[in-house]
Enquirer: 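Here it is, the structure, as structure tokens.
Please read all numbers here as calculations on a predicted model, not as lab measurements. Here is the naming used below: chain letters follow the sequence lines, and residue numbers restart at 1 for every chain.
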Number of protein chains: 2
Amino acid sequence: MLSMDICADDTAPDPRVCASVMRSERAALDTIGRYKNVSRGETVIWAGDESTICGNLLSGVLKLVACTTQGREQIVGLLYPADFVGQPYPGRAEFTITAMTDAELCVYSRRAFERLLTDQAGMERLLLQRTLAALNIARRQMWTLARTSAAEKVAGFLIDMTSRTASSGCRATYDAPVTFDLPLSRGQIADVLGLTIQTVSRQMTHLKAAGIIRLPGGRAITITDSIGLEARAVAA
Amino acid sequence: MLSMDICADDTAPDPRVCASVMRSERAALDTIGRYKNVSRGETVIWAGDESTICGNLLSGVLKLVACTTQGREQIVGLLYPADFVGQPYPGRAEFTITAMTDAELCVYSRRAFERLLTDQAGMERLLLQRTLAALNIARRQMWTLARTSAAEKVAGFLIDMTSRTASSGCRATYDAPVTFDLPLSRGQIADVLGLTIQTVSRQMTHLKAAGIIRLPGGRAITITDSIGLEARAVAA
DNA sequence: CGCCTGTTTGAGAGTGTTCAAAACAAGTGG
DNA sequence: CCACTTGTTTTGAACACTCTCAAACAGGCG
């Protein structure tokens, strides 16, 4: 049973979508869902293709990419576990969805998923709330892209990553160094922030020189001065 | 009856929201709706306030503004007639909503609107589809803000405005000049595109010098070379 | 007419990009 | 173990673009 994999425990606070819907809806999801593994770099949905599948992300990170002919591309959204993938209702996909890490999906045919939305009112409401939240995130990102400097963008990004990756809950200790691995390469960070690789790298170097972060090597990063970092996230 | 004002004609292809929902839902909307007039510059919802009202726009244009302390602001969305205003479900408003022109709204209390969403499944689906569309628009705009030059931004904006304002249907005549009034000031255009007033003005001047547009005066604009304009919208 | 608001134009400065090369890390095969 | 490849990150210098500051211009209204 798929439900065993996805929602093995009814009581645990599961971040995945199925935990937030009711039992009956979860059962309905399971009946139409198909488990799918994708590996890093693999594209799940191509922009321009007819939208035929929906799903939700179980593990890994996907990116939504807007791009034109010859390379100018921009990541317009990141999908984390529990997020919906794709869009219901007919039409062409607006953006290409690609795995940034190996990922696991629970995939539904779009038609089946739409039937489910109709039959299970709670599911439609959940999707609506998710979509409203995604819209707010996208609009905040518009502000970031349009009105902040490279220094603010990178600092803000690192803060976001800290709260998402170093999931040590709400640490009260502002002065304790936190170390974690950035899940994105410099290039991918540049794609998210609307910058170039070089600019991202330079900003990182500046932060390191200012004693705000350390870069032990590889993807690792240590935040040594959260307050200083936050100060740089709001003003140059 | 409010319905007389909003949806006087059942058969005409009415762009407003009520035309796209079914009779019963429209009737339900009317019972909870309150007509409201706002004048240019008036703010309907303040960012950070508890979300207590929803509505839909009957006429005029509203802007969604993201801003921080001291003036750096960015328009993250425009609302046109038929669009939903505000968001259902508890929480604080993320963005300030202000009228850019005199406008007419049909306002519902958030609670009443939520009840309606529950009772009328079609309404919830409509709102979901609208929200998905708004999300796509926001993401496309992210691409524009992050990866296009000022010249491309302004050219693209003028094309959008042409198709929206000069509502002469789908003109097959690419070479016929089109004239219309821009609904936004230079400053407002700058806020939408993430530029400054001066840069917008300069780009307009360049387009005029290139013989692509004419600026007869006031808010008026004439597109004399749609093809040239579109060429500039995709590449510098 | 003066005032107010919005637009245009100019000159200079700052920021991020582009192009280019070096440094670094990790994996492969000799 | 070492050369060699491949891919990423860092660093540098020059350039281009947009912003900032500042002033001139145009129209609407008391």
Side-chain angles (χ1 to χ4, degrees), chain A residues 39-41 70-74 100-101 143-158 161 181-210 213-222 232 235-236, chain B residues 39-41 63 70-74 100-101 144-158 161 181-210 213-222 232 235-236:
Chain A
S39 42
R40 177 190 151 86
Q70 78 6 331
R72 269 198 301 179
E73 78 176 49
Q74 171 68 33
M100 301 181 86
T101 66
W143 145 261
T144 300
L145 291 172
R147 298 292 180 192
T148 66
S149 65
E152 291 168 297
K153 286 192 181 102
V154 171
F157 177 83
L158 291 180
M161 282 300 126
D181 272 19
L182 285 172
L184 278 64
S185 72
R186 297 287 185 275
Q188 290 169 330
I189 295 173
D191 282 346
V192 172
L193 299 179
L195 300 169
T196 59
I197 293 178
Q198 295 93 322
T199 301
V200 172
S201 179
R202 273 184 246 271
Q203 294 301 330
M204 296 286 238
T205 307
H206 291 162
L207 289 172
K208 188 174 69 174
I213 62 171
R214 274 197 292 267
L215 298 170
R219 291 280 174 82
I221 182 170
T222 304
R232 278 164 196 252
Chain B
S39 41
R40 179 189 151 84
K63 62 178 178 182
Q70 90 347 341
R72 270 197 303 179
E73 77 175 50
Q74 172 67 32
M100 301 181 86
T101 66
T144 300
L145 291 172
R147 299 292 179 190
T148 66
S149 66
E152 291 169 297
K153 286 191 180 104
V154 171
F157 177 83
L158 291 180
M161 283 299 126
D181 273 18
L182 285 172
L184 278 65
S185 71
R186 296 288 184 274
Q188 290 169 332
I189 295 172
D191 282 345
V192 171
L193 299 179
L195 300 169
T196 58
I197 293 178
Q198 295 92 323
T199 301
V200 172
S201 179
R202 274 184 247 270
Q203 294 301 332
M204 296 286 237
T205 307
H206 291 162
L207 289 173
K208 188 174 70 174
I213 63 171
R214 272 197 292 266
L215 298 170
R219 291 279 175 85
I221 183 171
T222 303
R232 279 165 197 253

Enquirer: Between dT9(C) atom C1' and Met204(B) atom CE, what is the distance in whole Å?
Expert: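 Computing the Met204(B):CE to dT9(C):C1' distance gives 15 Å.
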Enquirer: Say whether, by atom type as modelled, one donor and one acceptor occur between the side chain of Glu152(A) and the main chain of Arg232(A) under 3.5 angstrom.
Expert: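 Checked: no pair found.
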Enquirer: Could you state the atom-to-atom distance from NE2 of His206(B) to C1' of dT8(C) in whole Å?
Expert: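 One finds 11 Å between C1' of dT8(C) and NE2 of His206(B), rounded.
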Enquirer: Looking only at the side chain of Gln198(B) (C-beta and beyond, no hydrogens), which of the listed nucleotides dT17(C), dT20(D), dT18(D) gets closest?
Expert: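 Of dT17(C), dT20(D), dT18(D), dT20(D) is nearest to the side chain of Gln198(B).
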Enquirer: Which whole-number value in Å describes the distance from Gln74(A) CD to dT17(C) P?
Expert: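 Result: 11 Å.
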Enquirer: To the nearest 0.5 Å, tell me how far Ile221(A) CD1 sits from Leu158(A) CG.
Expert: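 These two atoms lie 4.5 Å from each other.
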Enquirer: Go through dT8(C), dC19(D), dT18(C) for me and flag the one nearest to the Arg202(A) side chain.
Expert: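 Comparing dT8(C), dC19(D), dT18(C) against the side chain of Arg202(A), the answer is dT18(C).
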Enquirer: Output the single nucleotide from dA13(D), dG16(C), dT9(C) whose closest atom is nearest the side chain of Thr205(B).
Expert: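 Minimum distance to the Thr205(B) side chain belongs to dT9(C).
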Enquirer: Once you round it to whole Å, what is the distance between C1' of dT9(C) and CD of Gln203(B)?
Expert: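 Between C1' of dT9(C) and CD of Gln203(B): 14 Å.
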Enquirer: What is the distance, to the nearest angstrom, from the CZ atom on Arg147(B) to the C1' atom on dT18(C)?
Expert: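 Spelled out: CZ on Arg147(B) to C1' on dT18(C) is 14 Å.
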Enquirer: Over how many whole Å does the gap from Ile213(A) atom CD1 to dT9(D) atom P extend?
Expert: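 After rounding, the reported distance stands at 13 Å.
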Enquirer: With the side chain counted from C-beta on, respond yes when Arg186(B) and Met204(B) share a heavy-atom pair under 4.5 Å apart, and no when they do not.
Expert: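 Answer yes - side chains close enough.
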Enquirer: Figure out the CD/C1' separation between Glu152(B) and dC17(D), and round it to whole Å.
Expert: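 Between C1' of dC17(D) and CD of Glu152(B): 12 Å.
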Enquirer: For dT18(D), does either OP1 or OP2 sit under 4.0 Å from a side-chain N or O belonging to Thr196(B)?
Expert: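 For dT18(D), OP1/OP2 do not have a side-chain N/O of Thr196(B) under 4.0 Å.
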Enquirer: Spell out, as yes or no, whether a donor-acceptor pair under 3.5 Å connects the side chain of Thr148(B) to the backbone of Thr144(B).
Expert: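 Yes: the side chain of Thr148(B) pairs with the backbone of Thr144(B).
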Enquirer: dT18(D), dG16(C), dC19(D): which one has an atom nearest the side-chain heavy atoms of Ala150(A)?
Expert: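 Selected nucleotide (nearest to the side chain): dG16(C).
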Enquirer: Give the nucleotide from the list dG16(C), dG10(C), dT18(D) with an atom nearest to the side chain of Ser149(A).
Expert: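 Output: dG16(C).
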Enquirer: Atom CG of Asp181(A) to atom P of dT9(D): distance rounded to whole Å?
Expert: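 Computing the Asp181(A):CG to dT9(D):P distance gives 12 Å.
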Enquirer: Would you please name every residue forming a salt bridge (charged side-chain N to carboxylate O under 4.0 Å, His left out) with Arg147(B), sequence neighbours left out?
Expert: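 With neighbours one apart ignored, the set is Asp191(A).
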Enquirer: What protein N or O atoms touch nucleotides 4-7 of chain C N or O atoms at under 3.5 angstrom, if any, and at what distances?
Expert:
unit_1, atom_1, unit_2, atom_2, d
dT7(C), OP1, Arg186(B), N, 3.3
dT7(C), OP2, Arg186(B), N, 3.3

Enquirer: Counting heavy atoms not belonging to Arg219(A), are there more than 12 under 6.0 Å from its CZ?
Expert: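 Enclosed: over 12 neighbouring heavy atoms sit under 6.0 Å from CZ of Arg219(A).
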Enquirer: Rounded at 0.5 Å granularity, tell me how far CD1 in Ile213(B) sits from OG1 in Thr222(B).
Expert: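 Rounded to the nearest 0.5 Å, the CD1-OG1 separation comes to 9.0 Å.
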